[in-house]
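Structure first, then comments.
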Amino acid sequence: NLIVTKLLPPNDLHFALSARLSAAFRCVSTGSLTITEPLNFWAGQRKPGQKGHKEHVYEPATGRILCHLEPCGAAEVNQAVEAAKKAFINWSKLSGMERGRVMIEAAHLIEGKREEIAEMEVVNNGKSITEARLDVDSARLCIEYYAGLASTLAGQHVQLPGGSFAYTCREPLGVCAGIGAWNYPFQIAAWKSAPALACGNSMVFKPSPVTPVTAAMLAEIYAKAGAPEGLFNVVQGGQETGSLLCQHPDVAKVSFTGSVPTGRKIMEMASKGVKPVTLELGGKSPLLIFKDSDLENAVKGALMANFLSQGQVCSNGTRVFVQRDIFPEFVSEVVKRTQAIEIGDPLLESTRMGALVSRSHLHKVLGFVEQAKKEGATVLCGGEPFVPSHPKLRGGFYMTPCVLGDCRDEMTCVKEEIFGPVMSVLSFETEEEVLRRANDTTMGLAAGVFTRDVRRAHRVVEQLKAGSCFINNYNITPVEVPFGGFKTSGIGRENGQVTLEYYTQLKTVYVEMGDVESLF
Ligand SMILES: NC(=O)C1=CN([C@@H]2O[C@H](COP(=O)(O)OP(=O)(O)OC[C@H]3O[C@@H](n4cnc5c(N)ncnc54)[C@H](O)[C@@H]3O)[C@@H](O)[C@H]2O)C=CC1
Ligand SMILES: C[N+](C)(C)CCCC(=O)O
């Protein structure tokens with residue numbers, strides 16, 4: 001597999017081939033893995049956490065304990081930040097080309113370990129192997145992209161009177177903290193670390209305590225790629241560890257992905273030290289489907305907007321507004337395809353939907369479906385706990401993907417982020433009406449529109465109050481394109497060139513070429 005990976009260009013054929021080869025040689029099967037290595041990592045090594053503290057980590061596909069997490073307390077967080085401070089001294093002085101070289105090596109290592117990382121993500125998160133591979137690819141591409149951008153960091157030269165001049169330069173911030181959610185554990189760690197490191201910062205990253213496994217793998221990869229000890233560190237734990245990081249006086253910036261309420265707390269903590277934050281928060285994004293859409297594409301778009309990662313995606317378009325003329329046809333097709341989604345063992349190639357991340361989260365999502373029924377919505381399909389036939393999967397956290405009809409704008413299922421495989425369909429008559437309803441939310445992460453009318457598409461997008469808009473597709477996030485939200489969905493952007501600005505600070509230098517004209 002390694003040889004294949006090196007020789008062939010990364011096209012679909014190659015990925016299909018290498019996936020098939022890897023599947024044939026797979027050593028991990030669902031229900032078989034136990035992880036015993038420590039999951040914290042700083043100063044170049046895996047490290048234990050606080051003595052005497054242990055938390056269970058589960059395999060969502062089976063409900064079995066996968067490993068234990070040793071959360072970091074103040075002493076461990078201090079050690080990790082100290083290591084990152086040391087690494088920063090030399091790393092920040094390298095040229096962008098030099099930093100990029102290390103990052104490119106890290107990207108190559110990820111490519112070589114694609115299958116291993118994807119399997120670990122599946123075992124810890126519950127999503128299908130097919131999706132996990134794409135997440136690993138997105139992580140690798142992000143590191144490759146910022147490796148290339150590292151050498152483009154540059155300032156301006158400003159000519160001033162009398163031959164004097166000024167110049168500006170972009171300097172790194174220092175030790176950045178990354179705090180991740182459980183829905184894209186490896187990808188989030190890469191999306192945060194890649195721009196941070198490219199700009200000359202070091203990072204201490206805290207994954208969600210539910211999915212601690214793959215961030216430690218990324219730390220090992222950076223170390224193996226030649227990053228100095230302490231450049232990328234991982235501290236495990238929940239909100240206590242997270243707040244220790246945010247409040248640490250030597251942490252210069254916090255980049256967070258997660259829920260709106262936690263985002264607020266992070267911003268509050270960061271405000272004490274006047275630290276910049278990047279916040280990637282939740283959404284309740286609208287998807288607008290006009291009667292002139294290509295129906296086949298619109299249906300596929302609605303499924304992509306709702307069912308990736310068991311519906312646990314911040315940018316999901318969970319409010320699907322369909323123009324009345326095509327409503328019955330659209331809904332019947334969506335329901336048919338939703339019912340055909342294969343649920344089960346996430347390590348099987350044929351599985352399209354795995355397990356939700358935890359038992360408590362599964363119950364929360366099923367609770368939203370119950371609430372929707374009480375408020376008058378009709379379950380058109382799914383919304384039930386699902387028990388796969390294989391005995392080893394019986395304790396897993398599965399549910400059938402759900403489409404809700406007879407929804408009204410004021411219902412809980414239409415207002416609140418469910419973060420599970422639950423799509424609400426709503427009908428509309430006019431463009432003006434649907435825009436008003438689509439924008440009637442406190443959040444604004446993403447939005448989508450399906451139409452064949454190019455003028456309508458742009459007119460609609462111009463009026464949508466969302467940071468990441470899609471025309472005739474959904475949930476496509478190439479790393480070259482900035483991603484992030486309006487309103488309570490966040491601050492700042494991830495990916496794209498603009499993110500270099502979020503991981504640097506601007507220095508301006510005035511240079512006097514004449515004499516000082518003193519007023520005194
Ligand atoms: N928009 C998104 O991408 C995500 C949204 N969510 C939403 O949030 C709900 C709850 O999921 P959680 O994992 O509990 O999300 P959360 O927002 O509470 O946690 C996200 C991360 O922040 C950390 N954290 C929590 N409290 C903190 C604090 N006070 N200081 C510093 N760090 C802190 C957590 O340990 C985790 O690493 C989900 O059901 C979903 O609705 C969850 C994950 C991602
Ligand atoms: C890759 N994508 C678009 C499915 C999700 C990225 C945002 C997130 O972390 O939820």
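Ligands are counted one by one from 1 in listed order, and the atoms in each one are counted from 1 as well.
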Contact between ligand 2 and Val313 is defined here as a heavy atom of the residue under 4.0 Å from a ligand atom; is it met?
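The answer is yes: ligand 2 sits under 4.0 Å from a heavy atom of Val313.
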
Glu280-ligand 1 polar pair, N/O distance under 3.5 Å
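Such a contact does not occur with ligand 1.
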
Going by distance only, is there an N or O of Gly258 that falls short of 3.5 Å from an N or O of ligand 1?
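Gly258 vs ligand 1: N/O contact under 3.5 Å present.
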
I'd like the name of whichever of [options] reaches closest to [atom] through any heavy atom.
atom	options	answer
atom 17 (O) of ligand 1	Gly420, Ser259, Ser315	Ser259
atom 2 (C) of ligand 1	Gly485, Cys314, Pro71	Cys314
atom 32 (N) of ligand 1	Gly263, Pro207, Gly242	Gly242

Tell me which protein heavy atom sits closest to [atom], plus the residue, atom name and distance to 0.1 Å.
atom	result
atom 42 (C) of ligand 1	Phe419 CE2, 3.9 Å
atom 23 (C) of ligand 1	Ile179 CG2, 3.7 Å
atom 29 (N) of ligand 1	Gln239 CB, 3.7 Å
atom 10 (O) of ligand 2	Cys314 SG, 2.9 Å
atom 11 (O) of ligand 1	Trp182 NE1, 3.6 Å
atom 1 (C) of ligand 2	Thr477 OG1, 3.3 Å
atom 18 (O) of ligand 1	Thr262 OG1, 2.9 Å
atom 9 (O) of ligand 2	Tyr184 CD1, 3.6 Å
atom 35 (O) of ligand 1	Lys206 NZ, 2.8 Å
atom 37 (O) of ligand 1	Gly180 O, 2.7 Å
atom 38 (C) of ligand 1	Lys364 NZ, 3.7 Å

Can you list the ligand 1 atoms lying under 4.0 Å from a non-hydrogen atom of [X]?
X	result
Phe256	17 (O), 20 (C), 21 (C), 22 (O)
Ala181	43 (C), 44 (C)
Pro209	35 (O)
Asn183	3 (O)
His361	39 (O)
Gly282	1 (N)
Gly238	35 (O)

Which segment of Leu281 sits under 4.0 Å of ligand 1 when only heavy atoms are counted:
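Near ligand 1, Leu281 shows its backbone, while the atoms from C-beta on stay back.
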
Side chain, backbone, both or neither: Val210 near ligand 1, heavy atoms under 4.0 Å:
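Val210 to ligand 1: no contact under 4.0 Å from either part.
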
Sub-4.0 Å protein heavy atom near atom 14 (O) of ligand 1:
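No.
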
Salt bridge flag under 4.0 Å for residues Arg493 and Glu501:
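Result for this pair is no, no salt bridge flagged.
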
Look at Glu268 together with Lys265 and state whether they make a salt bridge at an N to O cut-off of under 4.0 Å.
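Judged by the 4.0 Å cut-off on N to carboxylate O distance, Glu268 and Lys265 do not form a salt bridge.
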
Of all the atoms in ligand 2, which lie at a distance below 4.0 Å from a heavy atom belonging to Phe483?
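The atoms of ligand 2 under 4.0 Å from a heavy atom of Phe483 are 7 (C).
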
Hey, which atoms in ligand 2 end up nearer than 4.0 Å to a heavy atom of Asn475?
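So the answer, numbered in order with elements, is 3 (C).
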
Could you tell me if [Y] and [X] have a donor-acceptor pair between their side chains, going purely by distance under 3.5 Å?
X	Y	value
Asp345	Thr30	yes
Lys253	Thr278	yes
Lys284	Thr441	no
Trp191	Ser138	yes

Does NZ or CZ of Lys127 come closer than 6.0 Å to the centre of the six-membered ring of Tyr184, within 45° of the ring's axis?
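Geometry flag: set, cation within 6.0 Å and 45°.
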
Are Glu494 and Thr257 side-chain neighbours, meaning at least one heavy-atom pair lies under 4.5 Å?
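With C-beta onward as the side chain, the pair touches.
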
Can you find a pair of side-chain heavy atoms, one from Thr130 and one from Arg352, that are under 4.5 Å apart?
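They are in side-chain contact.
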
Indicate the atoms forming the closest heavy-atom contact of Ala223 with Phe41, along with that distance.
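Minimum heavy-atom separation between Ala223 and Phe41: CB-CZ, 4.1 Å.
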
Would you name the heavy atoms of Gln463 and Asn439 that are closest together and state the gap between them?
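Smallest interatomic distance, heavy atoms only, reads O-ND2, 2.9 Å.
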
Asn124 side chain to Val213 backbone, donor-acceptor under 3.5 Å:
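Indeed, once roles are kept as given, a pair shorter than 3.5 Å links the two residues.
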
Main-chain N/O of Gly301 paired with Asn473 side-chain donor or acceptor, under 3.5 Å
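Side chain of Asn473 to backbone of Gly301, a donor-acceptor pair under 3.5 Å: no, none is there.
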
Checking contacts here: is it the side chain or the backbone of Asn183 that comes within 4.0 Å of ligand 2, counting heavy atoms only? Could be both or neither.
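Under 4.0 Å from ligand 2, Asn183 contributes side-chain atoms alone.
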
Tell me if the CD atom of Glu462 is crowded by more than 12 foreign heavy atoms within 6.0 Å.
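Count not over threshold, so no.
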
How about CD on Gln50, more than 12 heavy atoms from neighbouring residues, nucleotides or ligands closer than 6.0 Å, or not?
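It does: Gln50 CD has more than 12 such atoms within range.
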
Would Arg337 and Glu333 satisfy salt bridge (Lys or Arg N to Asp or Glu O under 4.0 Å), going step by step from the backbone distance to the final call?
CA-CA 6 Å; Arg337 302 221 194 163; Glu333 198 52 34; 3.0 Å; yes

Has Met269 got any heavy atom lying under 4.0 angstrom from an atom of ligand 1?
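The answer is yes: ligand 1 sits under 4.0 Å from a heavy atom of Met269.
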
Mind telling me whether Phe470 and Tyr474 have parallel, tilted or perpendicular rings, with 30° and 60° as the class edges?
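If you compare the ring of Tyr474 with that of Phe470, the planes turn out tilted.
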
From the options Leu287, Ile418, Asn475, Val422, select the one residue that forms a side-chain contact (heavy atoms from CB on, under 4.5 Å) with Asn316.
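Of all the options given, the one that passes is Asn475.
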
